[in-house]
Amino acid sequence: MEQQQKVELPIFMRKKHERDLIMEVLSTVPSQKEAQSYIKRFTIPNKKPPAPTPTPSPIPLETKKSISDVPSTVPESDVQKHNPQLSLTSQKAEFVDSLFATKLEHIALIKIQGPFTSLDLKSIAKTLVHLQQLGLMPIAVLDNDEWKEMLKEGPSRFSELRQWMMEDSSNICEALEDAGGRSTPIHNGVFTLTHDESEESDKKVHRPRLKLRTLSTDVDAKINVSLSWLKTSLKLGHIPLILPIALDGLSIQRTISPNAGMIALSSSLSDLSNATCLNLKTPHLEPMKIIVINSEGGIPSEERKGSHVFINIQQEYEDIKNSYKSNPQWNFTHPTGIENLEMIKTCLEKLPTTTSAIMAPAYSPTGLISNLITDKPLFSSSLPLTAPTTPSTTTTVIRHGMPVLYHNSLSTVNISSLQSLIEASFKRKLDIDNYVARLEKCLELVIVTGDYQGAAIITMEDVEGNKKGNIPYLDKFAVTPNNQGVGIADILWKQLQIRYPNLMWRSRENNGVNKWYFERSNGNYRVPGTHWTMFWYGNDGINGLKAYTEITKKIPASFYCNST
């Protein structure tokens, strides 16, 4: 009886080393806002745990010496009581205790794409176990680039190939066991193939109809997915390792494309009726993350060394396909990049907009853990490519994203939506009549993301002696508060860099966004006699400093109470 009770305990029981892991991860979170966002996603609604206290900022080097010479005003007997570091530790411990008591689990659909070295396999296993400990339950589909050669040789070698697949799953199971995790290889019973030609049947049950690679030929088949194994895996906390093998209508085993299996699983997991049929209590059956772990890493980039940092599929998908055509060497260095991107695109189209995907190499698991906590890339994709402090990466974060629209005239802009966006972003009331009147005289371009979740407004400004404005000025850069941190700012900034090799803008000296501006500008200047800091990027900045300063001073207030 006692054994049965243990089975019914919450899905993922945490041990001391797991608690230490969460403490360690939280200590590396860049901001308290990101830590709170993680808490919100992974705790039971309506029960708010205490917020973690951020790690204190390091003391600037120029002040360290003087501080050490200042005598303490706290009595020695009270040092323990007033020690801020002890207080910090106590608050973090309180936060973690609350987190354990309110834990929710989410699902990650992961493709493990070999072949791997034993060291890489160890790194993958450790990463999967850590993701599970942090609240993300992996469901893994196995793939191996070397399987493809045997697929070409026909059905006569199916038994040999199946044995190879089972050996790969056994190796991963062993690595997970060594890393402190548990897993269950699933060799059959997940996928079945049907050849019903009824289009209406497909529409009713939302089953993907795909070209699938089998041992003998390409057949136009539908993949059906059974989730009967899922309930046991979730209850026991075992990571399922699924082989890409399906039964056809004659109960003959066939291999399917692992990518097609990923798409079918994603579609089935996103169907809420499946959770009801299986009597699963979790409201988060649909995948929170789509992950590809391979040896080649993310999608290669023409612009930067390494991979794309972030991809907005709705806007960049076709450009990336064209880049592959322009860079044939990528077919050797990143041979599965496009097909993985196509698989991710199809999965994300059927999932909530909050779902993101990530492609990462096996030897660099840090990106997966960081992305889970922050839901962002390792660094911003809009950082200047030429800056020595801008890192490179082999990991790519992908979102279904949103379209980007361009308006050269206010006649095609939804003024009401634009006003709401600006006021929400700046938290000020816009003097809309005077602002529109100004834009009608000097508007160059309005870049809008999605349904006015973000916008950049560029005007052409003139200075004394110029008859026509010829200096591009970033008049407004706005993202709605609910959409901050999901890549919209990076999407907008990339469009600015593509269209304007030189750009200037201004910001109040106490604006909290200034750090972001400093990192993306080639220079800045505190304009005397004003509350403005003027920024620019591009080679014209130094030569145009006088004109930039004049523009900064002369542009009128956009908000009421002169609070632009």
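Position 1 is the first residue of the sequence; numbering continues from there.
Annotation: cation-pi pair R526/W532 absent, no NZ/CZ under 6.0 Å from the ring centroid and within 45° of its normal.
Under a 3.5 Å cut-off, the side chain of T355 and the backbone N or O of P287 do form a donor-acceptor pair. D120 places no side-chain N or O within 3.5 Å of a backbone atom of A362 that could act as its donor or acceptor partner. Here the side chain of T396 pairs no donor or acceptor atom with the backbone of S307 at under 3.5 angstrom. Using modelled atom types, one side-chain atom of R506 and one backbone atom of I555 make a donor-acceptor pair closer than 3.5 Å. A distance-only check finds a donor-acceptor pair linking the side chain of Y452 to the backbone of N414 [under 3.5 Å]. Side-chain atoms of Y537 come within 3.5 Å of backbone N or O of Y500 as a donor-acceptor pair. Judged purely by atom type and a 3.5 angstrom limit, S266 has no side-chain atom pairing as donor or acceptor with the backbone of M262. When atom types are taken as modelled, the side chain of S507 and the backbone of N514 share no donor-acceptor pair closer than 3.5 angstrom. Counting only distance, with no hydrogens or angles, the side chain of H407 and the backbone of T412 share a donor-acceptor pair below 3.5 Å. In terms of modelled atom types and a separation under 3.5 Å, the side chain of H400 and the main chain of T353 share no donor-acceptor contact.
I320 has its side chain within reach of I338: a pair of non-hydrogen atoms, C-beta onward, lies under 4.5 Å apart. Counting heavy atoms from C-beta outward, I491 and F310 have side chains that approach closer than 4.5 Å. The shortest side-chain heavy-atom distance between L445 and Y406 falls under the 4.5 Å cut-off. You'll find the side chain of M402 reaches within 4.5 Å of the side chain of I488, heavy atoms only. Two residues are said to be in side-chain contact when any heavy atoms from C-beta on lie closer than 4.5 Å; N371 and I291 fail this criterion. With a 4.5 Å cut-off on side-chain heavy atoms, I344 and I311 do not count as touching. At least one side-chain heavy atom of M534 sits less than 4.5 Å from a side-chain heavy atom of L545. Inter-residue side-chain proximity for V309 and R304 is flagged as met; some heavy-atom pair is nearer than 4.5 Å.
Looking at N524 and T533, their side chains never bring a donor and an acceptor atom within 3.5 Å of each other. Residues K289 and S356 bring a donor and an acceptor atom of their side chains to less than 3.5 Å of each other. There is no side-chain donor-acceptor pair under 3.5 Å between N312 and K494. No side-chain donor from either of S301 and E303 sits under 3.5 Å from a side-chain acceptor of the other.
With salt bridges taken as basic N to acidic carboxylate O contacts below 4.0 Å, none links E550 and K546. Ion pairing between a basic and an acidic side chain is recognised when a charged N comes within 4.0 Å of a carboxylate O; R438 and E461 show such pairing.
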- Message: With side chain to side chain contact (heavy atoms under 4.5 Å, CB included) as the criterion, how do V292 and M343 come out once you've worked through the C-alpha distance, each side chain's angles and the decisive distance to 0.1 Å?
- Response: CA-CA 10 Å; V292 174; M343 177 270 290; 3.7 Å; yes
- Item | Full working for side chain to side chain contact (heavy atoms under 4.5 Å, CB included) between K429 and Q419 | CA-CA 9 Å; K429 182 69 174 176; Q419 178 184 359; 4.1 Å; yes
- Task: Would you sort out whether Y548 and D540 count as a side chain to side chain contact (heavy atoms under 4.5 Å, CB included), showing the intermediate values?
- Result: CA-CA 10 Å; Y548 287 1; D540 293 352; 4.1 Å; yes
- Message: Please determine whether side chain to side chain contact (heavy atoms under 4.5 Å, CB included) holds for the pair H308 and I398, giving the CA-CA distance in whole Å, both sets of side-chain angles, and the decisive distance to 0.1 Å.
- Response: CA-CA 9 Å; H308 279 271; I398 304 165; over 6 Å; no
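Residue I551 holds its CD1 atom at 7.5 Å from CG of D462, rounded to the nearest 0.5 Å. The distance from the NZ atom of K476 to the CG atom of L430 is 7.0 Å, given to the nearest 0.5 Å. We find the CG-CG distance between D143 and N294 to be 9.5 Å, quoted to the nearest 0.5 Å. To the nearest 0.5 Å, atoms CG (D475) and OG (S558) are separated by 5.5 Å. A distance of 4.0 Å separates OG1 in T336 from CD in Q113, rounded to the nearest 0.5 Å. One finds the OG atom of S411 at 10.0 Å from the CD atom of E440 (value rounded to the nearest 0.5 Å).
Exactly one residue among L503, N502, I542 makes a side-chain contact (heavy atoms from CB on, under 4.5 Å) with W536. That residue is I542.
Applying the salt bridge (charged side-chain N to carboxylate O under 4.0 Å, His left out) criterion to E444, with sequence neighbours excluded, gives no partner residue. N327 meets the side chain to side chain donor-acceptor pair (under 3.5 Å) test with E302, Q329; sequence neighbours excluded.
The two residues N331 and Y324 make their nearest non-hydrogen contact at OD1-CD2, 3.7 Å. I458 and L443 make their closest contact through O-CD1, 3.7 Å (heavy atoms, listed as atom of the first residue, atom of the second, distance). Closest approach of G337 and I299 over heavy atoms only: O-CD1, 3.3 Å. Pairing each heavy atom of E286 with each of P352, the nearest pair is OE2-CG, 3.2 Å. Closest approach of P472 to M460, counting heavy atoms only: N-SD, 3.6 Å. Annotation for V397 and P377: closest pair CG2-CA, 3.7 Å, computed over non-hydrogen atoms.
Ring centroids of W516 and W505 are separated by 6.0 Å or more, keeping the two rings apart. Taking the centre of each ring, F477 and W493 come in below the 6.0 Å mark.
For NZ of K305, the number of neighbouring non-hydrogen atoms (other residues, nucleotides, ligands) closer than 6.0 Å is 12 at most. The number of heavy atoms from other shown groups lying within 6.0 Å of CD1 (I498) is above 12. Within a 6.0 Å sphere centred on CG of N322, other residues, nucleotides and ligands contribute more than 12 heavy atoms.
Under the 30°/60° scheme for interplanar angles, the aromatic rings of Y517 and F535 are found to be tilted.
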